[in-house]
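Each chain gets a letter, A, B and so on, in the order the sequences are listed, and its residues count up from 1.
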Amino acid sequence: MLLSKILLPTLKDAPQEAEVISHKLMLRAGMIRKVASGIYTWLPMGLKVLRKIENIVREEMDASGAQEVFMPMVQPRELWEETKRWDKMGPELLRIKDRHDRDFCLGPTHEEVITDVIRSTVKSYKELPLNIYQIQTKFRDEVRPRYGIMRGREFLMKDSYSFNMDEESLQETYLTMRDTYKKVLERMDLEYKISAADSGAIGGDSSEEFHILADNGEDTIAVSDTSEFAINTELLLKDGEDIKSLEGKPSPDGKGTIQIKKGIEVGHIFKLGEIYADAMKANVLNNEGKASTLFMGCYGIGVSRLVAAAIEQNNDEKGIIWPHSIAPYDINIIAIGYDKNKEIASASNQLYLQLKEMGYEVLLDDRKDGYGTKIKDSELIGIPLNIIIGKQFIENKEVELKSRSGESSINSIADIETILEFFKDK
RNA sequence: CGGGAUGUGGCGCAGCUUGGUAGCGCACUACGCUGGGGGUGUAGUGGUCGUCGGUUCAAAUCCGACCAUCCCGACCA
């Protein structure tokens, strides 16, 4: 992609409305624009990252044996009446009417819809277990949207629902999902914790949250300083106790002492058991030919929230430092004097095509700006590798390689091998 | 919903106390110089000062209502 063509409105100053670093940087890097409180348009650079994360999630879900579907965002009241949630849920459930005055809501989650699909299509235990997922826009009319994309009202989420014959099978799927989420976060190079959690409005037996560790996190978790153990502090506090008092106490798992960390909840997995299947009469025939209520699990991961969380964990005073697996582009070719110097222009064009042919996603900064402007933009949007073609190219056919993380070297432009070295261990 | 704050060109801000018809930096347009850390010269474009109403000869400025946005709290996969 040519920088002169892309819609990339970078900003020197962050708009006043932005408070946390990820919000500021997403606005400054031209990734998003606000449409209304908690509702955003994703611009090309932001969408690139969103899609990268979405694809990692999709690949790992597919690898786990889950199957992708796509459910509607608009859902009829009747389904929500079945589980009593039409009345139970507050104004965060955005209710709307169609032209015939029939009630609908914008889906904040999809247990009702998927359970309706499964009960009408699956009749025998032989078809189970099933794990069905979708990657879709959710709407929750949050009391207070904040921190930009981090807590929006409209957001992109991967949600999956498993249907199992019994508790043991559910446990198996649950652990598979737990493992899948670990793989997703590891591929994104994010530091995270899995903590025991309250199952909240979704209900069910037990649940665990996946937290990205970051100072701006909205959740407070207690982690052991010596073991893997972590727990949401909500579950640890007795009445009247404050969070500070937990620090230094013995960890509930008996290993080490408690440390308090801030985390961004990006994933939540639940064992729902029979509650939804029971309410909606979702049964199949078991091997004795008798109706048997399904056991369900549900597993959510916030795709758009992961974009913000990744930035919270990977930035410096210059801008974003994308983990390579989710960077919008791999390489930025900074051509100094592209519009004036034919040698530079043709060498840049050639390198650009060559790298693209090799399968890299490449930007070419062909704009009529100086080096300062170009490198500042590149550092702001966090491209992992810059290849600078300028004076040294004219003098002796050399380019500078400069990574976002700090390393740099001078190489012959013919030495593509060295350029690619950079990506070897990524 | 309770508490706090903000709203002046795309972004950051000044002007408001003490009313007199809108300004600065960046960005943007044209041309030139420059071309390895947001360079520079000249000439330009762009704003019903959040909205509506009131006071006044006159309102960005004073008064009222409303709207929007942000922060803290309560709430929340």
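For the pair His23(A) NE2 and rC71(B) P, the interatomic distance rounds to 8 Å; values are reported in whole Å. One can place OH of Tyr371(A) at 7 Å from P of rG37(B), the figure rounded to the nearest angstrom. For Asn232(A) and rC75(B), the CG to P distance is 13 Å, given to the nearest whole Å. Taking atom CE of residue Met89(A) and atom P of nucleotide rC75(B), one finds them 16 Å apart after rounding to whole Å. Atom CG in Asp13(A) sits roughly 15 Å away from atom P in rG10(B) (whole-Å rounding). Whole-Å rounding puts the Glu19(A) CD to rU6(B) P distance at 15 Å. We find that CD1 of Ile32(A) is positioned 14 Å from P of rC11(B), with the value rounded to whole Å. Atom C1' of nucleotide rG35(B) and atom CG of Asp365(A) are separated by 13 Å, given to the nearest angstrom.
Residues meeting the salt bridge (Lys or Arg N to Asp or Glu O under 4.0 Å) test with Asp316(A), sequence neighbours left out: Arg404(A). For Tyr181(A), the ring pair (Phe, Tyr, Trp, His ring centres under 6.0 Å) partners at least two apart in sequence or on another chain are Phe210(A). Residues satisfying the salt bridge (Lys or Arg N to Asp or Glu O under 4.0 Å) criterion with Glu59(A), sequence neighbours excluded, are Arg187(A). With sequence neighbours excluded, the residues that form a side-chain contact (heavy atoms from CB on, under 4.5 Å) with Ala345(A) are Tyr338(A). Residues meeting the side-chain contact (heavy atoms from CB on, under 4.5 Å) test with Asn283(A), sequence neighbours left out: Ala291(A), Thr293(A).
To the nearest whole angstrom, the two P atoms, one in rG64(B) and one in rU6(B), are 15 Å apart.
Residue-level contact check: Glu17(A) touches the backbone only, with heavy atoms under 4.0 Å from sugar-phosphate atoms and none from bases. Residue Glu379(A) is classed as a base contact, given a heavy-atom separation below 4.0 Å to a base. Within 4.0 Å (heavy atoms only), Lys368(A) reaches at least one base atom of the nucleic acid. The residue Ala18(A) sits apart from the nucleic acid: no heavy atom pair falls under 4.0 Å. No contact: Lys158(A) has no heavy atom under 4.0 Å from any strand. Using a 4.0 Å heavy-atom cutoff across all strands shown, Gly302(A) reaches at least one base atom of the nucleic acid. Across all strands shown, Asp369(A) has heavy atoms under 4.0 Å from base atoms, whether or not it also approaches the sugar-phosphate. Nucleic acid contact class of Lys138(A) (heavy atoms, under 4.0 Å, all strands): none.
Enclosure of atom CG in Asn55(A) by more than 12 non-hydrogen atoms of other residues, nucleotides or ligands within 6.0 angstrom is indicated. In the displayed structure, Lys97(A) atom NZ is contacted under 6.0 Å by more than 12 heavy atoms of other residues, nucleotides or ligands.
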For a quick test of your reading: what N or O donor-acceptor pairs under 3.5 Å do the side chains of residues 296-315 of chain A make, sequence neighbours left out?
{"unit_1": "Tyr299(A)", "atom_1": "OH", "unit_2": "Ser162(A)", "atom_2": "OG", "d": "2.8"}
{"unit_1": "Ser304(A)", "atom_1": "OG", "unit_2": "Leu156(A)", "atom_2": "N", "d": "2.9"}
{"unit_1": "Ser304(A)", "atom_1": "OG", "unit_2": "Leu156(A)", "atom_2": "O", "d": "3.4"}
{"unit_1": "Arg305(A)", "atom_1": "NE", "unit_2": "Met150(A)", "atom_2": "O", "d": "2.9"}
{"unit_1": "Arg305(A)", "atom_1": "NH1", "unit_2": "Glu265(A)", "atom_2": "O", "d": "2.7"}
{"unit_1": "Arg305(A)", "atom_1": "NH2", "unit_2": "Met150(A)", "atom_2": "O", "d": "3.4"}
{"unit_1": "Glu312(A)", "atom_1": "OE1", "unit_2": "Asn216(A)", "atom_2": "ND2", "d": "2.7"}
{"unit_1": "Glu312(A)", "atom_1": "OE2", "unit_2": "Ser22(A)", "atom_2": "N", "d": "3.0"}
{"unit_1": "Glu312(A)", "atom_1": "OE2", "unit_2": "Ser22(A)", "atom_2": "OG", "d": "2.7"}
{"unit_1": "Gln313(A)", "atom_1": "OE1", "unit_2": "Glu191(A)", "atom_2": "N", "d": "2.7"}
{"unit_1": "Gln313(A)", "atom_1": "NE2", "unit_2": "Glu191(A)", "atom_2": "O", "d": "2.9"}
{"unit_1": "Gln313(A)", "atom_1": "NE2", "unit_2": "Leu213(A)", "atom_2": "O", "d": "2.7"}
{"unit_1": "Asn314(A)", "atom_1": "ND2", "unit_2": "Ala310(A)", "atom_2": "O", "d": "2.9"}
{"unit_1": "Asn315(A)", "atom_1": "ND2", "unit_2": "Ile311(A)", "atom_2": "O", "d": "2.9"}
{"unit_1": "Asn315(A)", "atom_1": "ND2", "unit_2": "Glu312(A)", "atom_2": "O", "d": "3.3"}

List the steps and the verdict of side-chain hydrogen bond (donor to acceptor under 3.5 Å, both in side chains) for Thr83(A) and Glu112(A).
CA-CA 8 Å; Thr83(A) 56; Glu112(A) 282 80 1; 2.6 Å; yes

Please assess Phe163(A) against Thr173(A) for the test side chain to side chain contact (heavy atoms under 4.5 Å, CB included), listing each intermediate value before the final yes or no.
CA-CA 9 Å; Phe163(A) 296 87; Thr173(A) 307; over 6 Å; no

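Here Ser37(A) does not reach the OP1 or OP2 of rA68(B): none of its side-chain N or O atoms lies under 4.0 Å away. Taking only side-chain nitrogens and oxygens, Arg146(A) comes nearer than 4.0 Å to OP1 or OP2 of rG73(B). For rU69(B), the OP1/OP2 oxygens have no side-chain nitrogen or oxygen of Tyr147(A) closer than 4.0 Å.
Checked against Ile258(A) for a side-chain contact (heavy atoms from CB on, under 4.5 Å), the options Pro252(A), Ser245(A), Ser224(A) give a single hit: Pro252(A). If you run side-chain contact (heavy atoms from CB on, under 4.5 Å) between Glu208(A) and each of Ile194(A), Ile231(A), Asn232(A), only Ile194(A) comes through.
Both Ile389(A) and Val35(A) lie near RNA chain B, and the one whose nearest nucleotide falls closer to the 5' end is Ile389(A). Where Gly390(A) and Ala14(A) meet RNA chain B, the nucleotide closest to each residue was compared, and Ala14(A) sits on the side nearer the 5' end.
Counting only residues at least two apart or in different chains, salt bridge (Lys or Arg N to Asp or Glu O under 4.0 Å) contacts with residues 330-347 of chain A comprise Glu343(A)-Lys397(A).
Interface residues of residues 332-348 of chain A facing RNA chain B, ordered by number: Ile336(A), Asp339(A), Lys340(A); criterion, heavy-atom separation under 4.0 Å. Taken residue by residue, residues 38-48 of chain A places no heavy atom nearer than 4.0 Å to RNA chain B.
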Which pairs, protein N/O on one side and nucleotides 1-5 of chain B N/O on the other, fall under 3.5 Å?
none

What does the list of N/O pairs under 3.5 Å between the protein and nucleotides 13-16 of chain B look like, with a distance for each?
none

Between protein and nucleotides 38-43 of chain B, what N or O pairs are separated by less than 3.5 Å?
{"unit_1": "rG38(B)", "atom_1": "O2'", "unit_2": "Lys12(A)", "atom_2": "NZ", "d": "3.0"}
{"unit_1": "rG38(B)", "atom_1": "N2", "unit_2": "Asp377(A)", "atom_2": "OD1", "d": "3.3"}

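A cation-pi contact links Lys271(A) to Tyr174(A), judged by a cut-off of 6.0 Å to the six-membered ring centre and 45° from its axis.
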